[in-house]
Number of protein chains: 2
Amino acid sequence: MRGRPRSERAEKAIVDATLDMIGEGVTVSELSIEAVATRAGVGKTTIYRRWSNKEDLVVDSLATLRLPMPEPGGTDVRADLIMFLEVMRSESGELRNRCVTNIAMNEADRFPDLYRRFRELVIEPRREAFRQVLRRGVAAGELRADLDVEVAMLMLTGAMISQTKMSGPAHRVPEDLPTRLVDEALRGFRQR
Amino acid sequence: MRGRPRSERAEKAIVDATLDMIGEGVTVSELSIEAVATRAGVGKTTIYRRWSNKEDLVVDSLATLRLPMPEPGGTDVRADLIMFLEVMRSESGELRNRCVTNIAMNEADRFPDLYRRFRELVIEPRREAFRQVLRRGVAAGELRADLDVEVAMLMLTGAMISQTKMSGPAHRVPEDLPTRLVDEALRGFRQR
DNA sequence: TCGATACGAAACGCAATCGTATCGAAAGTT
DNA sequence: AACTTTCGATACGATTGCGTTTCGTATCGA
């Protein structure tokens, strides 16, 4: 291949700018190529040479997100559940990781293809890992045999997600929320 | 007062158009006065005569939402909790009522004033009612004396909200989800 | 009936963003 | 050294929406 090769640095700067803006809460509709170019310190040409439109840019950018999947210990259900929620909590504090929730919650209706790819790539693997922790807990007799695993997962993750979204990027999710959530869920609300 | 009075019908049409569009998932940023005017069958003048900008229009429109607050029976905590979640579930099926979640989840970061007013007007009263149900349950000895009311509320409502957002406007939230959520929460996950 | 105000429609100038084109300079290959 | 491609910058016409103004008509109170 002849000619000047494409700049790796420019490409990374574009993707970084895109992810940062989405993390800040800019919707896909609002995200302007011009803003991305400016923020990345790059000409618009350089973006359009690589991606033909905004959605492609967003999809490819999100695909570069490599969120480390926590590895559950497998012996203590309580500890594993807290660990998963703690990952959600700490990630919510970093701008970049807010992409995940922002895309999942805000863009599902309007960009179904984007949402579907993102769901398969990021969300479902995590849900499955979480599900396995609960299943192991049931199998080990640590959790009720008739526990509704899907509902249990929804209660814990839904609480974290709602809290994250409601509190906004400025506020922090309380450090002890994962522990408190898991303990309340394990004990049950009812007096005995 | 002299002169032609302002048209009640036009005003209602404008507010309805605004709420419908928000319910459909149009963000406040995307919501254009021109689109509202067209949809309401009204001139832009008629809108600007009443509201000086988009945010005012949205705030006032949301303020007209009179979401019937369920009246808890006060005797059976389980029944009251299920009733609250059931209201959330059934409302999520109607376009108009999706305004509540759409605004609360998507616009908090970008329109903090709007979010604050909306929170005081719509969200907090409901949260408080929900909180009271749990408090009464504790006082009556039906729930654990050391129950973390805030965490309990977060688990139940967060689960409903997440499920609603994740499933999108097309899908329906399962009818039995409120019951399953409340029963799991009351029992606790742990084997005894 | 008359004067005041609201009505819907249309046009205004302004700003943002779109996707494309053009530029000279830079950075590679052959 | 010659050639090719990308670089960032800049300008382009098109489109959209803003908030304002103007228009002739409609609808009220006095």
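Order of the sequence lines fixes the chain letters, A, B, ..., with proteins taken first and strands second; residue numbering starts at 1 for each chain. Remember, it's a predicted structure, so these values are computed and weren't measured experimentally.
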Taking only the side-chain nitrogens and oxygens of [X], find out if one of them lies under 4.0 Å from OP1 or OP2 of [N].
| X | N | result |
| --- | --- | --- |
| Arg9(B) | dA26(D) | no |
| Arg6(A) | dT6(D) | yes |
| Thr46(A) | dG8(D) | yes |
| Arg49(B) | dC7(C) | yes |

Atom pair distance, as rounded to whole Å: [atom1] in [X] and [atom2] in [N]:
| X | N | atom1 | atom2 | value |
| --- | --- | --- | --- | --- |
| Glu8(A) | dG28(C) | CD | C1' | 14 Å |
| Arg2(B) | dA26(D) | CZ | P | 21 Å |
| Ile47(A) | dT17(C) | CD1 | P | 13 Å |
| Lys12(A) | dC7(D) | NZ | C1' | 19 Å |
| Ile14(B) | dA6(C) | CD1 | P | 13 Å |

Applying ring-ring contact (aromatic ring centres under 6.0 Å, His included), which residue pairs with at least one partner in [range] are found, sequence neighbours left out?
| range | result |
| --- | --- |
| residues 25-81 of chain B | none |
| residues 134-159 of chain A | none |
| residues 84-107 of chain A | Phe84(A)-Phe130(A) |

Q: Quick one: which residue pairs count as a salt bridge (charged side-chain N to carboxylate O under 4.0 Å, His left out) with a foot in residues 53-65 of chain A, not counting sequence neighbours?
A: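 Found none.
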
Q. Which parts of nucleotides 12-25 of chain D does protein reach within less than 4.0 Å, heavy atoms only, written one letter per nucleotide 5' to 3' as B for base, S for sugar-phosphate only and - for none?
A. -----SBBBB----

Q: Would you check if there is a donor-acceptor pair between the side chains of Lys165(A) and Asn102(A) at a distance under 3.5 Å?
A: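 Their side chains do contain a donor-acceptor pair, which is all the 3.5 Å distance test asks for.
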
Q.
Applying the salt bridge (Lys or Arg N to Asp or Glu O under 4.0 Å) criterion to Asp113(B), which one of Arg116(B), Arg110(B), Arg117(B) satisfies it?
A.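 For Asp113(B), the salt bridge (Lys or Arg N to Asp or Glu O under 4.0 Å) test succeeds with only one of Arg116(B), Arg110(B), Arg117(B), which is Arg116(B).
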
Q | Per Ala10(A) side chain, nearest of listed nucleotides dC3(D), dG8(D), dG3(C) | A |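 Of all the options, the side chain of Ala10(A) is nearest to dG8(D).
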
Got a sec, which residues hit side-chain contact (heavy atoms from CB on, under 4.5 Å) with [X], two or more places apart in sequence or on another chain?
| X | answer |
| --- | --- |
| Val138(B) | Leu143(B), Leu147(B) |
| Glu175(A) | Arg89(A) |
| Arg9(B) | Ser7(B) |

Q | Dot-bracket encoding of pairs in DNA chain D, which uses [ ] for pseudoknotted crossings and | for another strand, Watson-Crick or G-U under 3.5 angstrom | A | ||||||||||||||||||||||||||||||

